[in-house]
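Data first, discussion second: the structure below is written as C-alpha cells.
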Amino acid sequence: MTLRDKTADDSPRSLVRAVLYDATIRGWVFQGLVLVFLILFAVWVMHNTAANLRAANIPFGFDFLNMRAGFDISQKPIYYTLDSSHAQAFKVGLLNTIIVSVLGIVLATIIGFVVGISRLSSNWLLARAATVYVETLRNIPLLLQLLFWYKAVLSVLPGPRQGYMLPLSTNLSNRGLTMPRPIVGEGFEIVLWVVPVAVVLAWALARWARRRQVATGQSFPVFRASLGIVVGLPLIVFLALGAPLSFEIPELKGFNFVGGMVVHPELIAMLLGISLYTATFIAETVRAGILAVSTGQSEAAFSLGLRPGQTMRLIVVPQAMRVIIPPLTSQYLNLTKNSSLALAIGYPDLVAVFAGSTLNITGHAIEVIAITMAVYLALSLITAALMNWFNARVALVER
C-alpha cells in the first residue's frame, strides 16, 4: 500500500475524529444541522398552512389592508372615519398602543423611583406606606386592577353636569377628563424646531461643565442653566412670534361638553393600572440598586459636607443605575406587552382594533396575527436597544 492510499484511507477517519473531538468544528457542524432543521421545519409549516388554506378556500394576502374598515374607533389620534381603510385602522391602533406605553413608562419610572427611595427612608411612616403599596399592588393581577380602576372608580363618577371641576377649565366625570384643546397658529412649528435645538445646547453645556469641573474643580449650576435654556429659549421665540397658540375652552351644553378635548376613561384607567402596577417592580429594582452601593460612599459624602439629598442624587443613584438599568429594561418590556390587556376595558389599542375588529371582519387571521406579533416584537427590540445604549453610557469603563 502506497503512502497516497494510506492517506486516502485515513482522511474519513480524520474528518470523523475532527468532528467528534475538535470543539470548534463540532460546534459549527451542530449549528449547521440545527439551522437546516429549522429551515426545513419553516418550509414544512408554510407548505402545510398554504395547503390547508387552499382546502378551506381561504385567500391569503395583504390586500385586505386597502379595504374599507367600516367600524368606528373611540380614540383617534390621527384622521379616521368609517370609510377609512384597515391600514388606517392599524395605524390608529398602533399609535394608541405607543401612547399608553410611552406615558405608562414615564409615570411608572417616576413613581417607582420615588417609592423605591421612600422604602429606604428613615421616616417610619413613609417607609411603611411605601412597603404596603408595593406588597399590595404587585400581588394583585394587573387585569383585576384595570377592571377596578375602570369599573369601580371611573365608571361610577357623576355625569359631566355634576362632574368635578378642576383648575384650568378641566372637568372630571364618567365621560373622561375634559380639558381645553390647544389650537396652533402660524409660526408655531418654528417653536417646535427650537425645542430640540435648546436640548442640544443644554447637553453641550452639561458636557462643558463636566470638563470644567474635572479640570478646575469648580462646579457649575448645570440644572438651573439647562432648565433656563430648554424653557427660556423656546419661550422667547414663542413670544417673539406673537404667541401663536390659543386654547378652545370646553363649554357645558345640555348633558355634555362642547369643544375642548377629552381624555377617555379607558386611557385613564390604563395609565393608572399599568403605571401603578409596574411601578411596584421598578421600586424594588431601585431599592436593590441603592442597597448594592457600599455605605462607605454615603459616609464619605457626609464627611465632605454633602447633605442627604445631595448624597442620594449625586453619589448613590448614579452608581446604583448600573445595577438598576438591566432589570428596569425588563419592566419596560413587560409594560409594553401588558398594554395588550387594554382589550378588557375597551381601550382601542392595536390588539383591540387590528387583532380584534379587523380580524373578525376580514377573516385573515394568519396575516393579522403575524403583523400584530411583528409590531410587538419591533417595539420590544427598539426599547431594548435604547436601554442597552443607555446602559453602555453609564457602565464603568476600565482605564
Side-chain angles (χ1 to χ4, degrees), residues 77 95 98-117 166-170 177 179-248 261 263 271 275 279 282 286 306-307 309-322 324-325 328-329 332 335 382-383 385-395:
L95 287 177
I98 294 175
I99 288 173
V100 73
S101 298
V102 172
L103 293 179
I105 286 175
V106 173
L107 292 176
T109 302
I110 295 174
I111 298 172
F113 267 81
V114 171
V115 174
I117 296 174
L166 304 176
L168 303 177
S169 302
T170 304
L177 186 65
M179 60 182 65
R181 181 171 68 92
I183 301 176
V184 299
E186 184 178 359
F188 187 77
E189 62 276 2
I190 300 178
V191 180
L192 297 179
W193 281 107
V194 172
V195 173
V197 174
V199 172
V200 172
L201 292 176
W203 173 77
L205 177 65
R207 287 181 59 88
W208 170 83
R210 189 180 302 111
R211 293 175 180 174
R212 176 175 178 266
Q213 185 173 8
V214 171
T216 65
Q218 299 178 352
S219 61
F220 186 83
V222 178
F223 178 75
R224 287 178 292 177
S226 301
L227 185 63
I229 294 175
V230 174
V231 177
L233 185 58
L235 181 61
I236 293 174
V237 175
F238 176 77
L239 296 177
L241 293 174
L245 180 66
S246 60
F247 291 90
E248 181 185 57
M261 60 182 295
V263 180
L271 290 177
S275 301
I282 294 178
V286 172
L306 293 179
R307 294 187 295 272
Q310 291 177 318
T311 302
M312 181 64 68
R313 179 169 56 89
L314 301 176
I315 305 298
V316 177
V317 171
Q319 297 183 69
M321 290 300 293
R322 302 181 179 98
I324 292 173
I325 291 177
L328 184 63
T329 303
Y332 288 171
L335 187 148
I382 292 173
T383 303
L386 292 176
M387 293 301 294
N388 289 336
W389 170 81
F390 183 62
N391 187 35
R393 294 281 298 176
V394 301

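Being a predicted model, the structure only gives us computed values, none of them experimental.
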Would you give the length of the straight line joining atom [atom1] of [X] to atom [atom2] of [Y], rounded to the nearest 0.5 angstrom?
X      : Y      : atom1 : atom2 : result
Phe113 : Leu328 : CZ    : CG    : 6.0 Å
Ile110 : Ile282 : CD1   : CD1   : 10.5 Å
Gln319 : Ile315 : CD    : CD1   : 7.0 Å
Phe220 : Trp208 : CZ    : CH2   : 5.0 Å
Leu306 : Met312 : CG    : CE    : 12.5 Å
Thr329 : Leu386 : OG1   : CG    : 10.0 Å

Determine whether the side chains of Ser101 and Tyr332 contain a donor N or O and an acceptor N or O closer than 3.5 Å.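 Judged by distance alone, the side chains do not pair up.
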
Applying side chain to side chain contact (heavy atoms under 4.5 Å, CB included) to Leu201 and Leu233, what does each step give before you reach the verdict? CA-CA 10 Å; Leu201 292 176; Leu233 185 58; 4.0 Å; yes

Non-hydrogen atoms of [X] and [Y] that approach each other most closely:
X      : Y      : result
Leu107 : Leu271 : CD1-CB, 4.4 Å
Ala108 : Leu335 : CB-CD1, 4.1 Å
Ile99  : Pro77  : CD1-CB, 4.1 Å
Val199 : Val230 : CA-CG2, 4.4 Å
Gly187 : Leu241 : O-CD1, 3.2 Å
Arg181 : Met261 : CB-N, 3.9 Å

Should Phe247 and Ile183 be marked as a side chain to side chain contact (heavy atoms under 4.5 Å, CB included) after you check the CA-CA gap, both sets of side-chain angles, and the distance that decides it? CA-CA 6 Å; Phe247 291 90; Ile183 301 176; over 6 Å; no

Backbone of Arg210 reached by a side-chain donor or acceptor of Gln213 within 3.5 Å: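 Not confirmed, Gln213 side chain does not pair with Arg210 backbone.
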
Can any side-chain N or O of Thr170 pair as donor or acceptor with the backbone N or O of Leu168 at less than 3.5 Å?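 Yes; judged by distance alone, with no hydrogens or angles, the pair exists.
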
Answer yes or no: is there a side-chain heavy-atom contact under 4.5 Å between [X] and [Y]?
X      : Y      : value
Leu166 : Leu177 : yes
Pro244 : Val184 : no
Phe390 : Ile325 : yes

Please check if the number of heavy atoms outside Glu189 that lie under 6.0 Å from its CD is greater than 12.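 Correct, the count exceeds 12.
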
Start with the C-alpha distance between Ile236 and Val194, add both sets of side-chain angles, then the distance that settles side chain to side chain contact (heavy atoms under 4.5 Å, CB included), and finish with yes or no. CA-CA 10 Å; Ile236 293 174; Val194 172; over 6 Å; no

